[in-house]
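Here the structure is laid out as structure tokens; the discussion comes afterwards.
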Amino acid sequence: MLVTVLGAGGLAAAARTGMFAERPDGCVKPDRSIQLYAVELPKDGTQVRLGYGLTPETASYPGPLMEMMEGECLAITVHNLVPEATLAALRTNPSHPLGVSLHVHGVKYTQDSDGTVQSGSYVPPGGTRTYTWYAQPRNTKTGAQGTAGYWWYHDHVVGGPHGTQGLAAGLFGGLVVRRPGDPKPDRSYTVVFGNQQSINLRRGEATDTCAEVNPQPGPTCLVARMGERIELVVVGIGNDMHTFHLHGHSWADTRTGVVSNGQPFADSVPIIDTKVLGPAQSFGVNVVAGESVGPGHWMLHCHMQFHSDAGMSTMLHVLDENGNMPPGMDHLHAAAAAPAAAAAPVTDDAAHQHN
Amino acid sequence: MLVTVLGAGGLAAAARTGMFAERPDGCVKPDRSIQLYAVELPKDGTQVRLGYGLTPETASYPGPLMEMMEGECLAITVHNLVPEATLAALRTNPSHPLGVSLHVHGVKYTQDSDGTVQSGSYVPPGGTRTYTWYAQPRNTKTGAQGTAGYWWYHDHVVGGPHGTQGLAAGLFGGLVVRRPGDPKPDRSYTVVFGNQQSINLRRGEATDTCAEVNPQPGPTCLVARMGERIELVVVGIGNDMHTFHLHGHSWADTRTGVVSNGQPFADSVPIIDTKVLGPAQSFGVNVVAGESVGPGHWMLHCHMQFHSDAGMSTMLHVLDENGNMPPGMDHLHAAAAAPAAAAAPVTDDAAHQHN
Amino acid sequence: MLVTVLGAGGLAAAARTGMFAERPDGCVKPDRSIQLYAVELPKDGTQVRLGYGLTPETASYPGPLMEMMEGECLAITVHNLVPEATLAALRTNPSHPLGVSLHVHGVKYTQDSDGTVQSGSYVPPGGTRTYTWYAQPRNTKTGAQGTAGYWWYHDHVVGGPHGTQGLAAGLFGGLVVRRPGDPKPDRSYTVVFGNQQSINLRRGEATDTCAEVNPQPGPTCLVARMGERIELVVVGIGNDMHTFHLHGHSWADTRTGVVSNGQPFADSVPIIDTKVLGPAQSFGVNVVAGESVGPGHWMLHCHMQFHSDAGMSTMLHVLDENGNMPPGMDHLHAAAAAPAAAAAPVTDDAAHQHN
């Protein structure tokens, strides 16, 4: 086993000795550097949980929501603090190397930052590795598209060559790349739909911080005041298709989730309240909380009936302008939430959101 | 049981006593009021069937196609005529309240018209409740998107908190919200793809009114003359993904299903003859019957092979300008239809369309 | 059996005797005529393989990539060289006729060229039949949409009324309809995702021509030089949903896969590196190989984790400007590819691409 680890480390080192560029064209040097820690979290029942964090203590799943501006080049140094024994237990093939990695969607990176086994761009247990992401801007001369959008990042190595065990354990997070002038949300939440997992925003009675009477924003509670601009970074993982649905609110199926003021409304821009979501897809929802429809407990759920019945359902709690839920709804909410919570097995647990 | 019903009724009443607005912002008072009856229909084999109707006698599944103009505010009074025993038999949890509801996609509504258990906005057996829908217009100043589009409505309460049993039984229908200037179809049909259900436009030999030799428009028969503008309101329900395909015709993947005359054709507007459809998605197909391709029996089917082989396949019968099918095709059609019909079990039955 | 065949042949002949137009409106006469041969290929294990070819000797699956310009009318004469016994063995119902056909997406055709049983437009064993496809141009006066796009063609008759057995055996291929001014790719590859099939670009050790050290373009090898414009014609077949993902590269979700030089970049044009793909869907990916990210082995895979783990994963090998893979990557690639190949059962085999 040790030989394998060393071997993998050796390959990783070899891959970094100049065969491939360290940075994509257009990124002369990183504009910003951050540290990212991959750690083991407490198990959910028998389910191993891993998370990324900006510090080891704040690791979570989903991991921290990353934000970049187009044109920016970001260096992320990943520290693999996951115990080797944990990685070995998740491995599906004894010849597969041990390590974690960082693979990203949407932005640019060289083979050196691909996060795959065959490029050697992963991090053995106890090791570190710096990944470089370039939010390439649009270029009307060359036709380069630009990388602004709602994306995500994830492990590509834990367990097998596609990181399936790393993803299932929690090594994923959202990424937003913005352009100057993009709408600025008041609150951002990452919402992930996965297989064998409920919507990962409420963790069950024990860890759910959503008070029934007057819920306030917290690690497992989607809350907004009337009129606040809410951004949801929606990501699919796993094996299954889903249909994301939010009650009472609709958004534009555009890069930003809105039709900007001043832009003409076009019949080719779909306005939706439901969107099919497959594994690895990601999109942004941008709504003004309670606009026209008022405060209340607005359901957010997968609209595949067997998924919602199994517990893939949560609430966007829209408070009034003073930050209170209008009276009378709390016990109704509690009554309705009970059966749904009961239907969700413990392993159908969920991650806390970024806010 | 009675206590539960009363309890649920009590909650519903409580929710209506002014805690939440009855109407969304922008709707000062309803522009129009209609009655909608939820009734039990004859069973298909052992499958319970429910339907919405503008009268109790005309209830069907899908229910009546609703049409609104942007800016309009519609009050719909739902009468729950479904026997309490039927609702009790469909219930998956004895603590779940008995009732039917009306939840809608796309347009605006307050918690009072959400149609969910936790908002108390459902209708106990024998009761009535008025739901208010507001087809909010686009607003270039505030950025509000507007609600024109192809949507649908459905129960959210029968059987469990997501209305899964109500949907499976038939409590759903299409909704079109138009803008001034939108193309006016000559005929509209609602086409629903669901799990454990064939395409719901032909009900099998016993109830199918499509004559083989010279089919005419009828409750289970998609027919058009050459040159007529046909609008299909396509809706997904249930648990499964589908791919909707229509032979010989293509449409624009826009809000209206067309690229309007005078608008530039843009490479960002997909022209399609196949569209992935997930549960709760809805879209519009807008074609000129037989344009370029002529009359005939044009297949309309799910392109997932095991779905089409199981019977999710019907025809758009395009007649000539005189309303006749050109001779020679009738027996071919009969021959081809036989094995498909045989492959579809009785419970894979289907709803009649609106026309 | 013989009677059935004759009967089917008789129906086909009847259908051609002038009841329906032979050509769609707008096609006065074919601008070009080609021959297409449907043949039986060597089995993959026990899996029957059929293919289309411009000659019997070059038949393959996917079949040849077809290209048309908008406005063009193409006559394709299909020769059914598949042995009658093979078609009989694939038949799921003894009353189903024996034959192969050609059904196409996107372009226009009359019932005479629909390729279905009920229109009689198929080819009995040993027979020939001419299909006419019309790449209808856009018409701003009538609102006709135009048929430029990424499409595909396939059998609709082998085994049953939806050609499910013909598709599973390999009777499908890509079609590109272009407009004047469309980007001209340096290389085109057809990539098909199907159920019970790996991505059909690498056929396993025995038939894979991709050299590890310095891969060159070949029948089962996706290769490009830095800076070449690569076009992928991506098609879904079968029963399952997939999510297509390409590492390091992104494209515009437009008709052409690019935002043309000179066109404004709009927030309503999604830039993606992942796209959900259902059966019968088709789209184009248009990328400049290695742009910004450099040369290397760039993964192309289904991002449903159980699909990629089962072997739905290949590489786009991007060589440097001199046509060489930078040194140091070959053994890493070999090491990583091994487990993936091992995970793919023999019947999860795949077709060779067009190039």
Side-chain angles (χ1 to χ4, degrees), chain B residues 183 241-245 247-252 258-278 288 291-299 301-309 313 315 326-329 331-340 342-343, chain C residues 11 14-15 17 19-21 24-26 92-93 95-96 103 105-106 108-111 114 116-120 134 136 138 140-149 160-164 167-168 236-241 252-256 259-260 263 266 268-269 276 278-282:
Chain B
M241 301 298 302
H242 304 281
T243 41
F244 176 95
H245 174 49
H247 283 217
H249 301 75
S250 48
W251 64 96
V258 302
V259 178
S260 304
N261 292 356
Q263 278 190 286
F265 288 81
D267 288 342
S268 58
V269 176
I271 305 301
I272 52 178
D273 67 2
T274 302
K275 188 173 168 79
V276 162
L277 176 67
V288 175
E291 187 179 32
S292 176
V293 302
H297 303 286
W298 292 103
M299 294 181 84
H301 61 91
C302 181
H303 215 307
M304 289 185 165
Q305 301 296 136
F306 68 151
H307 285 175
S308 49
D309 286 346
S313 182
M315 298 279 177
M329 284 299 281
H331 66 294
L332 292 172
H333 173 54
Chain C
L11 296 183
T17 56
M19 258 86 70
F20 289 93
D25 276 0
T92 55
N93 182 322
S95 71
H96 185 73
H103 175 74
H105 286 250
K108 297 298 172 189
Y109 50 86
T110 67
Q111 288 268 304
D114 192 19
T116 55
V117 173
Q118 99 276 352
S119 61
Y134 176 45
Q136 188 183 36
R138 59 188 183 179
T140 51
K141 270 190 280 190
T142 68
Q145 311 291 0
T147 51
H162 292 278
T164 300
L167 274 159
I237 65 168
N239 298 337
D240 298 336
M241 300 299 302
D253 196 7
T254 62
R255 177 182 67 82
T256 57
V259 178
S260 303
Q263 281 190 285
S268 57
V269 176
V276 162
Q281 261 193 308
S282 50

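Just so it is clear, the structure is predicted and the values come from calculations on it, not from any experiment. Each chain gets a letter, A, B and so on, in the order its sequence line appears, and its residues count up from 1. Atoms considered below: every heavy atom in the structure, side chains included; atoms not considered: hydrogens, waters and symmetry mates.
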Legend entry - Rounded distance (nearest 0.5 Å) linking atom NE2 of C:H103 with atom NE2 of B:H245: 3.5 Å
Legend entry - Donor-acceptor contact present, side-chain B:D267 to main-chain C:T256, <3.5 Å: no
Legend entry - Validation row: C:D114, B:W298 side chains within 4.5 angstrom (heavy atoms): yes
Inset, instruction - Measure from the ring center of C:H105 to the ring center of B:H303 and say whether it is less than 6.0 Å. - result: yes
Legend entry - Side-chain (B:D273) to main-chain (C:G106) donor-acceptor, under 3.5 angstrom: yes
Legend entry - Residue, of B:I272, B:I271, B:V269, that accumulates the most heavy atom pairs under 4.5 Å with chain C: B:I271
Legend entry - Approximate separation, where rounding is to 0.5 Å, of C:H162 NE2 and B:H307 NE2: 12.5 Å
Legend entry - chain B contact via C:T116 - side chain, backbone, both or neither, heavy atoms under 4.5 Å: side chain
Legend entry - Euclidean distance, C:Q136 CD relative to B:S292 OG, rounded to 0.5 Å: 4.5 Å
Legend entry - Under 4.5 Å from a heavy atom of chain C, the part of B:H247 involved: both
Inset, instruction - Say whether, by atom type as modelled, one donor and one acceptor occur between the side chain of B:E291 and the main chain of C:A144 under 3.5 angstrom. - result: no
Legend entry - Flag, side chain of B:T243 to backbone of C:P279, donor-acceptor distance under 3.5 Å: yes
Legend entry - Note, B:M241 side chain near C:D240 side chain (heavy atom, < 4.5 Å): no
Legend entry - Structural part of C:Q145 lying under 4.5 Å from a heavy atom of chain B: both
Inset, instruction - With the side chain counted from C-beta on, respond yes when B:V259 and C:R138 share a heavy-atom pair under 4.5 Å apart, and no when they do not. - result: no
Inset, instruction - Specify which of B:V258, B:V288, B:V293 makes the most heavy-atom pairs with chain C at under 4.5 Å. - result: B:V293
Inset, instruction - Return the minimal non-hydrogen interatomic distance between C:Q281 and B:V276, and the atom names on each side. - result: OE1-CG2, 3.2 Å
Inset, instruction - Test B:D309 against C:T164 for side chain to side chain donor-acceptor pair (under 3.5 Å), laying out the working first. - result: CA-CA 8 Å; B:D309 286 346; C:T164 300; 2.7 Å; yes
Legend entry - Any donor-acceptor N/O pair, B:S268 side chain to C:T254 backbone, under 3.5 Å: no
